[in-house]
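What follows is a set of notes on a single structure, which appears directly below.
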Amino acid sequence: MLSWKGLAVLAAAVTALGGCSLVTGPSEESTTHIPEGATTSIVHVETTIAATTTVPPTTTTAPEVSTTVPVTTTVPATTTTTIYFATADSLYPPESLSSDGASGSGCSPGSGALPSGVWFGYATAGNATSLQFDLACWYFGDLAWEIAATYGETAENDYYVVNQNPTLRTVPVATGAIVHHINASSTAHDPMAYADWLLEPEGYLSCPFDFCPLWLYVNGGEVTEILEQYVP
């Protein structure tokens with residue numbers, strides 16, 4: 001067995017040979033704790049091999065820090081607007097759009113200006129920019145018979161009108177408003193400008209103003225269309 005002095009001589013010889021290691025037999029890996037960044041000489045006693053091992057410094061990269069900043073986005077509210085327009089393809093009244101069963105938008109719009117909707121009544125006066133209107137309730141079909149019975153009457157021709165409120169409303173008429181006027185043969189509606197209708201054209205009804213049952217189509221506070229109602 002080599003003495004400590006012999007080991008020193010052998011280590012010097014290895015260093016002179018450029019750090020080459022002489023392997024004399026099988027070896028297994030040794031687990032040795034090496035301080036970070038240190039240069040350590042390791043002597044394998046069993047094989048008497050001296051080696052110089054340099055352990056590079058360990059670089060630790062810190063993970064990137066991700067910061068999420070909440071963004072508040074304001075989305076404008078969606079507004080749905082219903083446009084009321086006449087389909088003058090028959091002499092029948094508009095269908096019921098109300099909870100009270102009356103045709104059109106019913107007959108309970110509340111006080112004040114007429115809201116957007118389809119309203120039955122009588123035109124009693126008017127000029128180039130507005131109509132004087134007497135709102136009434138028009139019932140049609142089986143409901144007309146039921147309502148009429150509450151008044152001790154019958155609904156001849158399947159319609160019944162209730163007009164117990166004497167209030168007259170002044171309703172603005174839009175520029176370019178159209179009137180669906182029942183022709184003299186009472187078979188169809190003829191469209192015409194509101195301004196021409198004011199000239200009292202010859203027709204089935206005494207419209208405007210003597211006896212003039214009609215429907216007002218109100219949009220945005222103005223009458224955009226007028227539909228005369230056939231009354232057999």
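Predicted, not measured: the structure shown is a model, and the values here were computed from it.
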Does the side chain of [X] reach to within under 4.5 Å of the side chain of [Y], using non-hydrogen atoms?
X      : Y      : value
Ile226 : Ile178 : no
Glu225 : His180 : yes
Thr129 : Val173 : no
Trp215 : Ser103 : yes
Leu135 : Pro109 : yes
Val162 : Tyr139 : yes

- Knowing that exactly one of Pro208, Pro213, Cys207 qualifies, which makes a side-chain contact (heavy atoms from CB on, under 4.5 Å) with Glu228? Cys207
- Message: Applying the side-chain contact (heavy atoms from CB on, under 4.5 Å) criterion to Leu214, which one of Tyr122, Trp119, Phe133 satisfies it?
- Response: Phe133
- Flag yes if more than 12 heavy atoms outside Asp142 fall under 6.0 Å of its CG atom; otherwise flag no. no
For a quick test of reading the model, state the closest non-hydrogen atom pair linking [X] to [Y] and the distance between them.
X      : Y      : result
Glu222 : Ala174 : OE1-CB, 3.5 Å
Ser206 : Cys212 : O-CB, 4.2 Å
Asp100 : Ser98  : OD1-OG, 2.5 Å
Glu153 : Tyr160 : OE1-OH, 2.6 Å
Leu131 : Ala123 : CD2-CB, 4.3 Å

- Message: Set out, in order, the CA-CA distance, both residues' side-chain angles and the distance that settles side chain to side chain contact (heavy atoms under 4.5 Å, CB included) for Leu205 and Gln229, then state yes or no.
- Response: CA-CA 9 Å; Leu205 296 173; Gln229 176 59 57; 5.8 Å; no
- Judged by modelled atom types alone, do Ser116 and Asn219 share a side-chain donor-acceptor pair under 3.5 Å? no
- Message: If we count only N and O atoms by modelled type, under 3.5 Å, do the side chains of Ser186 and Asn183 hold a donor and an acceptor together?
- Response: no
- Out of Phe120, Tyr230, Trp145, Trp138, which residue meets the ring pair (Phe, Tyr, Trp, His ring centres under 6.0 Å) rule with Tyr159? Trp138
